[in-house]
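Proteins come first, then strands; the chains are lettered A, B, ... in the order of their sequence lines, and each starts at number 1.
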Amino acid sequence: MADDFSPSTLIFAATLLASLSGTPMLLCRLLPPSRAQLLSTVLMLSASITGLSGALLALISGKTEHFQLPLSLPFGSGEVGVDPITAWFLLPVFLITGSAALYGRAYWNADKFPETVCKITFFFGLMSGFMSAVTLARDGITFLFFWEIMALAAYFLVATEDKKPEVNSAATLYMITTHIGTLALFALFPLLALAAGSWLFPDAGSLDATSTLATSLFFVSLFGFGMKAGIMPLHIWLPSAHANAPSHISAVMSGVMLKVGVYGIVRTLSFFHGFPLWWGIILLLAGAVSALAAVLFAIAQHDLKRLLAYHSIENIGIIFMGLGVALIGCSTSSPAIVMLGTAGALLHILNHATFKALLFMGAGSVVHATGTRRIDLMGGAARFLPYTALFFGVGAVAICGLPPLNGFVSELMIYIGLFRGIQGSGVAAAADALAIPALALVGGLAVACFVKVYGIVFLGTARSEEHTAHHEAGWQMLLPMGLLAAICFIIGSAPALLGDMLQRASSEVFPSALESGIRLVSLVPLPTLSFVAAALMLMIILLALWYRRTTLKSSRSDSVTWGCGYRRPTARMQYTASSFAEILTGLFAFLLKPEISKPDIAKGMFPPSADFHNHAPEVVLELIYTPLLERLYQRFLPIRRLQNGILQQYVLYILITLVLLFMSDYL
Amino acid sequence: MTNSIIHIFLAILMPPLLIGVIGKTKALFAGRTGAPFLQPYYDIIRLLHKGSVFSSTTTWIFRAGPIVALASTSIAALLIPFGAHPSPISFQGDMILYAYLFALGRFFTMAAALDTGSSFEGMGSAREAAYSCLAEPTLFFALITLSRLSGSYSLSPMLINISFGIWLNAGAALLMLVGGMFIVLLAENCRIPFDDPNTHLELTMIHEVMVLDHSGPALGIIHYAASLKLFVLGAFFVHIALPYATGNPYLDWGLFIISMLELAVVIGVVESVMARLRLIRVPQLLVAATILAAFSTLLVIR
């Protein structure tokens with residue numbers, strides 16, 4: 001290997017390879033679609049492996065590199081680069097897109113979906129490549145270019161089945177919101193250029209966070225990137241888009257694309273120093289509200305993928321809480337808290353990508369087998385999908401943040417950061433003290449929600465003949481799930497493996513606050529966690545072996561479930577997802593506003609057949625935004641005459657605007 | 001080392017005794033002689049030798065439920081200090097692990113209940129899910145108060161720190177914590193007024209209804225794990241409510257055992273003089289516990 005070899009080469013090659021991985025699909029004349037899909041998958045897998053090794057090498061070496069792009073734009077030349085923050089975000093990007101590509105070959109096979117396979121494979125490659133490219137950009141204009149290509153490719157992916165009206169409306173909603181977000185970014189980068197004096201990104205920690213310009217930068221980036229990340233109340237596009245996209249697309253969007261939004265915020269924060277306390281408190285509050293509200297909405301859902309989408313919002317909330325903890329640490333100048341908050345948030349980004357992609361793939365496998373997304377129609381899937389059930393179970397335990405899986409480690413870091421925060425005084429300590437029980441409640445509710453999902457979908461008996469699962473997914477779908485489940489397990493039981501990389505990436509985000517060189521390992525006992533995880537697993541295995549021996553020795557018989565005196569329990573007597581969630585949705589009805597139609601069964605001597613129905617609306621969208629926008633629309637109706645669909649007039653508008661702009665120079 | 005061995009020894013052997021003491025207390029209140037103190041041990045050993053009946057709808061999750069519950073509770077037992085003695089395993093942030101291990105056990109117990117496909121067990125599972133997450137914030141408010149009072153991030157220093165001196169300084173906060181944590185202790189262990197382990201009507205139960213279909217060794221494990229959970233959560237509570245320490249290691253072990261037995265008697269008295277609450281009232285009481293604990297946090301952080 002040459003001396004001047006740099007991991008950036010691998011990363012750039014992987015980015016290019018991923019973006020182009022869909023091109024074989026365009027050569028339909030030369031290649032049969034199934035061949036072309038195979039070639040695309042191979043390209044995407046090699047991009048993924050190259051990119052992952054590049055990102056890992058970059059994290060291990062900790063080098064920062066910059067490269068000029070030979071562009072002749074009026075804004076100056078573009079720049080791309082690789083540093084530990086970028087490399088850390090590239091880990092989920094390449095891990096998840098590679099897994100999803102393999103999964104997608106079986107899930108969206110060219111033989112079964114000949115009409116849409118070209119579109120989905122092409123845009124999948126484009127989105128994957130440009131998600132990576134966004135994290136590489138080092139100036140505002142290049143960033144916006146890459147960002148738009150990523151966002152638009154995602155639109156076409158959501159709209160894969162655009163013949164269905166609900167898919168179409170989900171995709172349109174996504175398009176509208178993503179462009180509102182982009183609009184904010186159009187404001188962000190000129191403001192940043194104003195603050196930094198150039199379109200290139202300023203050095204880390206070089207801008208003063210107390211200025212008015214910095215305040216506006218903070219809010220604009222929170223709005224623009226928060227829209228993409230799906231923080232409440234900007235999350236409205238997310239549930240329907242994730243539910244209606246094909247499952248491996250939902251896996252990538254939820255696992256990775258939301259994180260690109262978080263990347264934007266992390267990158268913006270890294271430009272500043274001297275944070276005022278309220279920045280941290282706003283992030284902590286936004287995170288806690290998102291996490292709590294989203295997990296409550298998730299509990300009330302009946303659609304498997306919609307439910308998972310709400311959990312993405314919850315986890316983005318937890319990531320924001322971590323960043324908030326770090327910022328509070330910066331303003332109270334305690335490096336330990338900064339390190340814990342940042343490392344917790346960064347690790348949770350990788351963890352959430354892993355288990356959420358795993359869960360969406362598992363959901364896809366169930367939807368594939370049962371033909372429905374409605375949880376209440378499923379049941380007993382574990383019997384026919386044993387591997388999917390196992391992997392989904394790992395994902396479910398991991399997303400609840402339970403030991404010994406990966407979600408626990410990142411939440412533990414954020415918790416310890418908060419616990420260190422309460423030793424301080426004033427508003428910072430109070431905010432930290434309130435965030436701890438909020439995070440605990442989120443954890444408890446997540447357990448309730450995933451017991452519901454796992455129990456209703458996989459356990460018990462099938463609730464409808466028509467939607468009984470019959471066939472397990474093929475190896476191309478199971479292998480990525482198994483890989484992600486193994487990663488959940490490895491990060492959970494040996495977090496020390498990532499310790500140094502996390503340290504490097506975190507120090508890059510807040511270099512001025514962390515220059516004292518505080519070690520992450522001295523704050524979180526990562527090796528002890530491995531020991532405890534091993535003890536727990538050993539205990540479980542020993543007990544299981546002992547139990548197996550005891551039951552084999554003594555008599556055993558099989559019978560039906562005890563039905564309280566009824567001879568044969570039927571599948572319809574089982575608890576459903578709605579009945580499981582009833583207590584909690586009842587307690588939080590003031591927020592969830594569930595619509596329940598409950599017929600009066602006990603009326604009359606011969607009650608007729610009755611029908612129970614409940615539905616949890618997307619409260620923010622349906623009860624706040626839509627009525628508000630409707631009123632705005634009515635109010636501004638006269639102005640709409642300007643938009644008349646005649647192209648010539650639009651060109652005239654441009655001319656008039658230009659003339660006015662030129663004139664303004666002389667005024 | 002000796003202390004660690006005594007710790008593990010106590011954690012393994014003593015839990016069912018608490019159930020025996022509670023039963024005896026209730027019997028005395030009712031004017032009966034009651035079962036011997038060691039009855040829970042006999043019951044568990046008898047169950048371990050029995051055969052099993054499995055419902056044909058169940059999968060491996062049903063068998064994993066009791067095992068994971070016992071394994072996670074026993075790891076939690078290693079994290080909590082008993083009396084004045086530090087726990088065998090102690091590290092920064094172990095209080096979070098302590099709380100989350102119970103959640104892990106609960107996850108599998110509830111999933112195992114849903115695995116039977118019975119409406120009753122689904123009902124128990126739904127109730128457990130709802131009520132346990134309402135109990136979660138109380139425990140964490142208590143941890144915040146304790147962490148702030150001791151300035152540490154680990155259960156052993158946090159709990160051993162509490163002494164009569166601290167009670168004199170922060171008595172109001174600790175008193176509210178005692179109230180809140182006692183409610184949570186009863187709720188988490190499914191005691192009256194939240195749940196009645198002895199009732200024979202499935203419609204009213206929480207924990208017992210989740211394990212209707214478990215039999216033989218699995219039921220034995222469940223009973224043992226439940227008593228261990230009472231023991232481990234009780235040890236946490238005893239630290240706050242009865243912070244005696246003499247300085248002599250052996251006397252301290254004796255004191256710990258006596259305080260745990262006192263706790264069992266108190267639970268027995270509560271169970272004898274109270275009736276089970278209506279299920280609608282359960283969330284209200286749990287929220288009241290959270291508010292008590294929140295007040296105690298407020299008092300120490302202000």
request  = Check each atom of A:Cys400 against the heavy atoms of chain B and say whether the ones under 4.5 Å are side chain, backbone, both or neither.
outcome  = both
In residues 420-443 of chain A, what donor-acceptor pairs under 3.5 Å come from side-chain atoms, sequence neighbours left out?
unit_1	atom_1	unit_2	atom_2	d
A:Arg420	NH2	B:Gln92	OE1	3.4
A:Gln423	NE2	B:Ser147	O	3.3
A:Gln423	NE2	B:Ser147	OG	3.0

Which atoms of B:Ser125 approach chain A - backbone, side chain, both or neither, heavy atom under 4.5 Å = both
A:Tyr415 and B:Phe140 aromatic ring geometry - parallel, tilted or perpendicular at 30°/60° bounds = parallel
key: Part of B:Ile144 lying under 4.5 Å from any heavy atom of chain A   = both
A:Thr551-B:Ser52 side chain donor-acceptor pair, cut-off 3.5 Å = no
task = Side chain from CB out, backbone as N, CA, C, O: work out which of these in B:Leu79 comes under 4.5 Å of a heavy atom of chain A, or both, or neither.
result = neither
key: Atom group of B:Leu104 that falls short of 4.5 Å from chain A, counting heavy atoms   = both
task = Write out, in numerical order, the residues from residues 288-300 of chain B with a heavy atom short of 4.5 Å from a heavy atom in chain A.
result = B:Thr297
inquiry  = Going by side-chain contact (heavy atoms from CB on, under 4.5 Å), A:Leu459 matches just one of B:Thr116, B:Thr57, B:Thr58, B:Ile61. Which one?
reply    = B:Ile61
request  = Report yes if some heavy atom in the side chain of B:Ile75 is under 4.5 Å from a heavy atom in the side chain of A:Val532; otherwise report no.
outcome  = yes
ask   = Which bit of A:Leu587 comes within less than 4.5 Å of chain B, counting heavy atoms only: side chain, backbone, both or neither?
value = side chain
ask   = Which bit of A:Leu418 is near chain B, if near means a heavy-atom gap under 4.5 Å: side chain, backbone, both or neither?
value = neither
query = With a 4.5 angstrom heavy-atom cut-off, which part of A:Thr528 approaches chain B: side chain, backbone, both or neither?
reply = side chain
task = Go through B:Leu143, B:Leu48, B:Asp213 and name the one with the most non-hydrogen pairs under 4.5 angstrom from chain A.
result = B:Asp213
ask   = Which bit of A:Tyr454 comes within less than 4.5 Å of chain B, counting heavy atoms only: side chain, backbone, both or neither?
value = side chain
note = Turns out that what part of A:Phe531 lies under 4.5 Å from chain B's heavy atoms comes down to side chain
query = What option among B:Trp60, B:Tyr131, B:Tyr153, B:Phe91 has the most heavy-atom pairs under 4.5 Å with chain A?
reply = B:Tyr153
request  = Examine whether an atom of A:Tyr547 lies under 4.5 Å from a heavy atom of chain B, and if so say whether it belongs to the side chain, the backbone or both; otherwise answer neither.
outcome  = side chain
ask   = Which region of A:Thr585, side chain (C-beta onward) or backbone (N, CA, C, O), has a non-hydrogen atom less than 4.5 Å from a non-hydrogen atom of chain B, or is it both or neither?
value = neither
ask   = Checking heavy atoms, do the side chain of A:Glu582, its backbone, both or neither come under 4.5 Å from chain B?
value = neither
key: Stepwise side-chain contact (heavy atoms from CB on, under 4.5 Å) check, A:Leu412 with B:Tyr100   = CA-CA 10 Å; A:Leu412 178 70; B:Tyr100 272 57; over 6 Å; no
